[in-house]
Amino acid sequence: MVEGVSGRAKRYVSVTARMDEDGRVRPLSVQWYDGKAYPIDEVRDVRRASSRKVGGDGICYTVRIGNNVTYLFYENPRWFVEEAVKDGMSA
């Protein structure tokens, strides 16, 4: 486990996305619950998958935001991430 991180929690987020004419969805940015928006620099992979860390099933986007690579899940009709929960804090 990562030092200072006690686990993960499912965090629903707002996502700005574009749907192409062929029906493919490309997430463009993630808005955190505090209102801060993070542009998605690259979508590295898209596949159907389950989150083993927090539960849930849907389309998993492996995305790069700045120097960080993370997973963004579309669980119809909502988007979520696997939020790191710091030691001594609850989700």
Side-chain angles (χ1 to χ4, degrees):
M1 186 161 293
V2 178
E3 185 175 327
V5 175
S6 62
R8 300 283 176 163
K10 184 185 279 190
R11 172 67 74 169
Y12 289 102
V13 293
S14 295
V15 173
T16 300
R18 181 185 73 222
M19 182 179 284
D20 294 333
E21 60 275 357
D22 61 2
R24 286 186 291 178
V25 175
R26 184 188 189 288
L28 302 173
S29 67
V30 174
Q31 184 173 349
W32 203 242
Y33 64 93
D34 65 0
K36 186 166 182 180
Y38 298 91
I40 295 172
D41 299 307
E42 177 185 13
V43 176
R44 292 190 170 184
D45 187 39
V46 180
R47 68 186 178 292
R48 184 155 202 51
S50 297
S51 170
R52 293 183 181 176
K53 294 179 182 175
V54 300
D57 183 57
I59 305 299
C60 176
Y61 293 80
T62 304
V63 298
R64 183 177 58 82
I65 298 173
N67 292 325
N68 300 308
V69 175
T70 191
Y71 301 112
L72 175 64
F73 290 87
Y74 180 66
E75 182 181 55
N76 194 15
R78 301 191 290 177
W79 295 85
F80 74 89
V81 295
E82 300 167 327
E83 178 184 20
V85 177
K86 294 181 182 178
D87 288 337
M89 299 183 76
S90 60

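Closest approach of E42 to R26, counting heavy atoms only: CA-NH2, 4.5 Å. Minimum heavy-atom separation, V85 to A9: CG2-CB, 3.7 Å. Heavy atoms only, all atoms of each residue included: S29 and P39 are closest at CB-CA, 3.9 Å. Between V81 and V13 the shortest heavy-atom distance is CG2-CG1, 4.2 Å.
Qualifying side-chain hydrogen bond (donor to acceptor under 3.5 Å, both in side chains) partners for R78, counting only residues two or more places apart in sequence or in other chains: Y12. Under the side-chain hydrogen bond (donor to acceptor under 3.5 Å, both in side chains) criterion, N76 pairs with Y74, not counting sequence neighbours. For N68, the side-chain hydrogen bond (donor to acceptor under 3.5 Å, both in side chains) test picks out no residue, with sequence neighbours left out. Taking E21 as the reference, nothing meets the side-chain hydrogen bond (donor to acceptor under 3.5 Å, both in side chains) condition, with sequence neighbours excluded.
Note on residues 37-69: pairs passing ring pair (Phe, Tyr, Trp, His ring centres under 6.0 Å), not counting sequence neighbours, are Y61-W79.
Residue R47 qualifies as enclosed at atom CZ: its count of foreign heavy atoms under 6.0 Å is above 12.
Contact annotation: the side chain of I65 approaches that of I40 to within less than 4.5 Å [non-hydrogen atoms, C-beta and beyond]. Put simply, the side chain of V25 does not reach to within 4.5 Å of the side chain of I59, judged on heavy atoms.
Salt-bridge formation is not detected for the pair D34/K36: no Lys NZ or Arg NE/NH1/NH2 atom is positioned less than 4.0 Å from an Asp or Glu carboxylate oxygen.
Residue W32 is grouped with residue V63 when hydrophobic side chains (ILVMFWY) are merged at heavy-atom distances under 4.5 angstrom, including chains of intermediate members. Side-chain heavy atoms closer than 4.5 Å link hydrophobic residues (I, L, V, M, F, W, Y) into clusters, and following such links, possibly through other members, connects M19 to L72. Y71 and V15 fall into different hydrophobic clusters, where Ile, Leu, Val, Met, Phe, Trp and Tyr residues are linked whenever their side-chain heavy atoms come under 4.5 Å apart, directly or through other members.
Between the D20 side chain and the D22 main chain, no donor and acceptor come within less than 3.5 Å of each other. Checked by atom type and distance alone, the side chain of R8 never pairs as donor or acceptor with a backbone atom of K10 at under 3.5 Å.
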Can you list, pair by pair, the side-chain donor-acceptor contacts under 3.5 Å of residues 50-57, counting residues two or more places apart and other chains?
{"from": "S50", "atom 1": "OG", "to": "D57", "atom 2": "OD1", "distance (Å)": "2.8"}
{"from": "S51", "atom 1": "OG", "to": "V54", "atom 2": "N", "distance (Å)": "3.2"}
{"from": "S51", "atom 1": "OG", "to": "E82", "atom 2": "OE2", "distance (Å)": "2.6"}

